[in-house]
Amino acid sequence: MPRSKKSKARGGDKCPQAQGKTQSCGGAQAIAAAEEESTTSSLQCEDTTQSLPGAESCSTSQEPQRIPTIAAAAVFSYTRSSEAFDGQYKHRALAYEVPPFTETPGTDCLTRKASLLEQYLLYKYKMKQLMMKEDMLKIIHQSHHDRFAEILKRASERIELVFAVELKEVDSVVPCYNLVSKLKLPNNGRVRGGRGLPKTGLLMNLLGMIFLKGNCAAEEDIWKYLGTMRVYAGRKHLIYGEPRKLITKDLVRLKYLEYRQVANSDPPRYEFLWGPKAHLETSKMKVLEFLAKVNDAVPSDFPTYYEEALRDEEEKAQGMHAARPDTAVKVSTPPRDMLSIIIPPVRKYVKFLPPDRKI
């Protein structure tokens, strides 16, 4: 994409309208449309988190345990911001003016700039476009160019808390970035084809709740929890679409969740567990780390869950260690003594031995 010859220092300077700048203008335009909304939707995780319903039932200790919480209100505020994007974007011309440099009373200036970058990054992700450093420098204005790295770090970390996507540099020559899903959900976290915002954060929170509920969460508890995020079964959500289909169909089909009927339940009741893809791509420790970040904490601040996550890590490590001999012998005939140790792979390798050879 062609780069401008000069950096515009003044807030009122206009973005060039050349065809090569269409992507830049479109992304920055979304920021202008959401400028007012971004002030109210700035994430303050300490004030917006909600306790997971019934999570305390997992604790076996008699002493009160600290329970991880989720940024439910934060998701709701981002939903409102996205509505502002869609509503105002349709009525703006392609030409765009950088928002004037103003600091809202009582709001830290860097926090304000980080909020603007949050809106820009999410909009560009939604439109499946790369995030250009040149555009972001215009948004935060020349007076803050020396603080760009710090402002970008704040914005990307707060997006990560809600959507479970990481900001990664795509090109260092013409600096540009992209938001990448923490899990390998289709379409970089969007699940379905086309444009849209990531569903990874919702999935990470669901996996977290299942973990905190003893590795199995009742469907009614799931929907009670989702209600704190203004996500309701049968009601289309701006970010997640139809939630029931996403959770009980799409994520189950993709094997990130298991959805099964509770044994002997009449009338039928259902529960959620981790699916095989979730076990493969993440772990209890990673999910706990995600929840800990939301709480501005570290995993060890939640000892009950931390100890379980450590055991899970150890079991996975032992499983990988035990699998190594199995992997090694696939490329050659194993020694006689190894065949007496490896069970059940013995049957697999016997048929590859020469017919005249006896074990």
Side-chain angles (χ1 to χ4, degrees), residues 50-62 64-65 67-70 72 164 183-186 191-192 199-235 237 240-288 290-291 299 302-320 322-323 343-344:
Q50 299 285 335
S51 295
L52 291 169
E56 64 275 4
S57 63
C58 295
S59 174
T60 57
S61 173
Q62 297 297 324
Q65 294 284 336
I67 307 298
T69 57
I70 47 90
L183 298 176
K184 298 177 182 178
L185 288 168
V191 177
R192 305 182 186 111
K199 315 299 187 290
T200 317
L202 177 67
L203 176 56
M204 288 291 283
N205 275 298
L206 289 173
L207 295 176
M209 183 180 182
I210 293 169
F211 172 33
L212 300 183
K213 292 289 289 183
N215 303 309
C216 182
E219 182 177 17
E220 53 266 32
D221 287 338
I222 290 289
W223 289 112
K224 181 179 178 181
Y225 153 59
L226 291 177
T228 67
M229 298 168 60
R230 310 297 198 274
V231 177
Y232 305 101
R235 184 185 302 180
H237 190 272
Y240 306 126
E242 206 297 290
R244 181 178 292 280
K245 180 180 183 298
L246 173 64
I247 296 169
T248 65
K249 300 292 184 183
D250 296 337
L251 294 178
V252 172
R253 173 179 52 83
L254 294 169
K255 300 186 183 304
Y256 285 97
L257 293 177
E258 182 182 344
Y259 180 61
R260 70 185 187 188
Q261 183 176 341
V262 177
N264 303 318
S265 59
D266 187 18
R269 291 184 297 107
Y270 294 86
E271 58 191 5
F272 287 91
L273 297 87
W274 284 29
K277 268 286 195 69
H279 285 287
L280 183 65
E281 296 181 15
T282 190
S283 65
K284 292 179 181 179
M285 185 62 75
K286 289 180 180 178
V287 169
L288 186 59
F290 176 79
L291 295 178
F302 313 99
T304 300
Y305 309 110
Y306 183 63
E307 290 172 6
E308 182 176 348
L310 281 177
R311 289 194 298 270
D312 182 64
E313 293 287 296
E314 292 174 359
E315 290 172 1
K316 284 190 173 183
Q318 291 173 0
M320 291 177 61
I343 301 174

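Predicted model only: the values in this text are computed from it and were never measured.
- Looking at heavy atoms from C-beta onward, Tyr240 lies in side-chain contact with Met229 at the 4.5 angstrom threshold.
- In this structure, CG in Leu251 is found 10.0 Å from NZ in Lys245, a value given to the nearest 0.5 Å.
- The shortest side-chain heavy-atom distance between Asn215 and Lys284 falls under the 4.5 Å cut-off.
- Annotation: side chain of Glu271 is not in contact with side chain of Lys213 (no heavy-atom distance under 4.5 Å).
- To the nearest 0.5 Å, atoms CD (Glu314) and CZ (Arg311) are separated by 8.5 Å.
- Distance CG/Leu280 to CH2/Trp274: 11.5 Å, rounded to 0.5 Å.
- Ion pairing between a basic and an acidic side chain is recognised when a charged N comes within 4.0 Å of a carboxylate O; Asp221 and Lys224 show no such pairing.
- Note that CD1 of Ile222 is 8.0 Å distant from CG of Leu257, once rounded to the nearest 0.5 Å.
- With a 4.5 Å cut-off on side-chain heavy atoms, Leu206 and Tyr225 count as touching.
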Inset, instruction - Dump the intermediate steps for side chain to side chain contact (heavy atoms under 4.5 Å, CB included) on Tyr256 and Lys184, then the final yes or no. - result: CA-CA 10 Å; Tyr256 285 97; Lys184 298 177 182 178; 3.9 Å; yes
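- With a 4.5 Å cut-off on side-chain heavy atoms, Tyr306 and Met285 count as touching.
- Under the side chain to side chain contact (heavy atoms under 4.5 Å, CB included) rule, Phe290 has a single partner from Asn205, Leu207, Thr282, Thr200, which is Asn205.
- Leu202 is listed as a side-chain neighbour of Leu246, based on a closest heavy-atom distance under 4.5 Å.
- Using a 4.5 Å heavy-atom threshold, the side chains of Met209 and Phe272 count as separate.
- Taken to the nearest 0.5 Å, the SG atom of Cys216 stands 5.0 Å off from the CZ atom of Arg260.
- Considering every non-hydrogen atom in both Lys286 and Glu281, the closest pair reads NZ-O, 4.2 Å.
- Using bins of under 30°, 30° to 60° and over 60° for the plane-to-plane angle, the ring pair Phe211/Tyr305 lands in the perpendicular bin.
- We find that Glu242 and Lys249 are not joined by a salt bridge, their nearest charged nitrogen and carboxylate oxygen being 4.0 Å or further apart.
- Ala309 approaches Leu288 most closely through the heavy-atom pair CB-CD2, 4.4 Å.
- Judged by distance alone, the side chain of Lys316 and the main-chain N or O of His279 form a donor-acceptor pair under 3.5 Å.
- A distance of 4.5 Å separates CG of Leu226 from CD1 of Ile247, quoted to the nearest 0.5 Å.
- Using a 4.5 Å cut-off on side-chain heavy atoms (C-beta onward), Leu254 and Pro186 make contact.
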